[in-house]
2 protein chains.
Amino acid sequence: MLPNPDEKLDPRVKRTRGLILRSFEDLLAEKNFETISVQDVTDTAQINRATFYAHFQDKYALLDYSISQMFKQEIEKRTLNACHYTPDNLRNLILAVCEFLGRIHTSCAQPHQQFESLVETQIKQQIFGLLSHWLEQSKSKVPSEIPATVATWAIYGLASLYSHTKKRPALEKFVDEALPLVAVNLEQFA
Amino acid sequence: MLPNPDEKLDPRVKRTRGLILRSFEDLLAEKNFETISVQDVTDTAQINRATFYAHFQDKYALLDYSISQMFKQEIEKRTLNACHYTPDNLRNLILAVCEFLGRIHTSCAQPHQQFESLVETQIKQQIFGLLSHWLEQSKSKVPSEIPATVATWAIYGLASLYSHTKKRPALEKFVDEALPLVAVNLEQFA
DNA sequence: TTGGATGTGTTGACTAAGCAACAAAGGAGA
DNA sequence: TCTCCTTTGTTGCTTAGTCAACACATCCAA
C-alpha cells in the first residue's frame, strides 16, 4: 500500500543491508545498544566497515531503520497496512504495538534511555502514519491530525505500560479494557 | 594440515561461493542433478548468472567442488586429516566414507549415473590423497602408490555397497567385518 | 520444417564492496 | 598532564558482482 521502495534495488545492496540488519538484531539480543560498536556489526555481518557507512550514517540511523523495518513487518503480517479505520482494526493495532514492544523488552539486553527514546520516536512515527492513512480514507472530511496524534500517543503509552509491567496481565484483557478510551476519539471516522 | 587455501580470500568471494554452495546443496535435496540448471542455482543463491561463471566453469565443476568440500568437512570433523596410518584410523575412515555416501544417497533426489560417477571420482581422489599422506609418514620406505590405490578402491567399493543396500546392516558390524580385508595390505605401514 | 521457449557461456560497461591509511575524538590509567 | 588504545568517519584506489545483450545449442510442438 504505502510505496514499497525495496524491490528494484541492486541485489548487492539488498544482501548487504540484510546482513547488517541481521547482525545488528543478533547483537541487540546479547549486548545493549550503547555498547555495540559499528565494528561489532560489520564484524559479525562479515562486511567492511566502510561499506557500513555507505548505507547508514551511524549506528543510530541503523537502529531507526531496524526498528521501523521490524515494526513494518509486524504491521504487514497482520495486513493492517491495507485497511481502513474500524474499532476492530484499531484493536489489532494496539495488540500489535503491545506485542512488538513486549518482544523488544524481552529480547533486547537491558534497554537504556537513549535506546528507548529512539525506539519510541520511530514507532510513534509509524503509528501516526498508519492512523492518518486510515482516517483520511473516511467519508467524514474532519481533519485527522489532532485525533491521530492523540490516538498515537495513547497507543504507545499503553504499549509502554504493558511492556514495562513486570508481571504482564493477559494481553487480550488488557487491550479490551483500554480500547474504548482510544476509540472514543475516532468514532467519527468509523 | 594439507594447505588451507580459503583463509586469505576476499570476503565477497567467500560469501558468493557460500551462497552458491548452499543453494546447490538445497536444490540437490529436491531435484536430481541433471535437472538442475545454472539458472536455478543463481536464482536461489540470489546472485547474477555471470557471477557463477566467474567461480565455476559449469555445473559439473560445481558438483566436484561441492562434493569435495562436503567430504573434506566430514574428514576434518573426525580429525582424520591430522593423523597417520593405524588400523583404528583406517576403521574411522571407512566409517566416514560409508556414512558420507549413505547420506548422499538418502538426501539427494534419485541419483543418476553421471552424478554417481562424478561423486565417485571426487571421493576416490580424496581418499587416495589422504591415504598417501598417511602412508608416507611411515618409517617404512616402501612405495605407497599401489597399496594406497588398492585400499582406496576397496574402501569406496565397500561404501558403495553399503550405501546401495536397501536394508542397511548395522554400520559398525559391517565395517568390522570388512576392515581386515583392507588392512592386510597396509600392515607394513603401521 | 519452422518457430518459440529455454538453457548455455561470454562480453564490456557500470556500480557496489573491500582495503589500507588517515585525522580526529574520546576514555582509562600512570 | 601525558600516553596508549579504541572507535569513528572519510578517502582514493582496486576488485568483485551486476546487467543487458549477444551467439549458439536443444527441444518440442504446431
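For the numbers below, each heavy atom of this structure counts, side chains included, while hydrogens, waters and symmetry mates do not. No experiment lies behind these values; they were computed from the predicted model shown. Chain naming here is simple, since letters A, B, ... match the order of the sequence lines and numbering starts at 1 in each.
- For C:dG9, one of the phosphate oxygens OP1 or OP2 lies less than 4.0 angstrom from a side-chain nitrogen or oxygen of B:Tyr53.
- Comparing B:Gln46 and A:Ala50 along DNA chain D, the residue whose closest nucleotide (by nearest heavy atom) sits nearer the 5' end is A:Ala50.
- Look at A:Asn48 and you'll find a side-chain N or O under 4.0 angstrom from OP1 or OP2 of C:dC19.
- Taking atom CG of A:Asp43 as the reference point, atom P of C:dC19 lies 12 Å away to the nearest angstrom.
- Using a cutoff of 4.0 Å between basic side-chain nitrogens and carboxylate oxygens, A:Lys141 and A:Glu136 are not scored as salt-bridged.
- Residues B:Ile47 and A:Asp40 each lie close to DNA chain D; by heavy-atom proximity, the contact nearer the 5' end of the strand is made by A:Asp40.
- The distance from atom OG of A:Ser140 to atom CG of A:Leu186, rounded to the nearest 0.5 Å, is 10.5 Å.
- Look at CG on A:Leu9: it is 13 Å from P on D:dT18, rounded to the nearest Å.
- Donor-acceptor pairing under 3.5 Å is recorded for the side chains of B:Asp40 and B:Ser37.
- Residue-level contact check: B:Ser37 touches the backbone only, with heavy atoms under 4.0 Å from sugar-phosphate atoms and none from bases.
- The distance from atom OH of B:Tyr60 to atom P of C:dT8 is 9 Å, rounded to the nearest whole Å.
- Residue A:His55 has no polar side-chain atom (N or O) positioned under 4.0 Å from OP1 or OP2 of C:dA16.
- Proximity note for A:Thr51 (side chain, C-beta onward) versus C:dA17, D:dG17, C:dA20: the nearest is C:dA17.
- Distance CG (A:Leu19) to C1' (C:dA17): 12 Å, rounded to an integer number of Å.
- Residue B:Gln57 is the one, among B:Gln57 and A:Arg49, whose nearest nucleotide of DNA chain C lies closer to the 5' end (criterion: closest heavy atom).
- Taken to the nearest 0.5 Å, the CG atom of A:Leu131 stands 6.0 Å off from the CG atom of A:Leu93.
- A donor-acceptor contact under 3.5 Å is not formed by the side chain of A:Arg12 with the base of C:dA17.
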ring-ring contact (aromatic ring centres under 6.0 Å, His included) assessment of B:Phe71 paired with B:Phe100: CA-CA 7 Å; B:Phe71 189 73; B:Phe100 183 79; 5.2 Å; yes
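- For the pair B:Leu62 CG and C:dT8 C1', the interatomic distance rounds to 15 Å; values are reported in whole Å.
- Between B:Arg15 and D:dA16 there is no side-chain polar atom (N or O) within less than 4.0 angstrom of OP1 or OP2.
- Look at CD on A:Gln39: it is 12 Å from P on D:dG9, rounded to the nearest Å.
- Atom-to-atom, CZ of B:Phe52 to P of D:dT18 comes out at 14 Å; the value is rounded to the nearest Å.
- In this structure, CD of B:Glu34 is placed 16 Å from P of C:dG7, rounded to the nearest angstrom.
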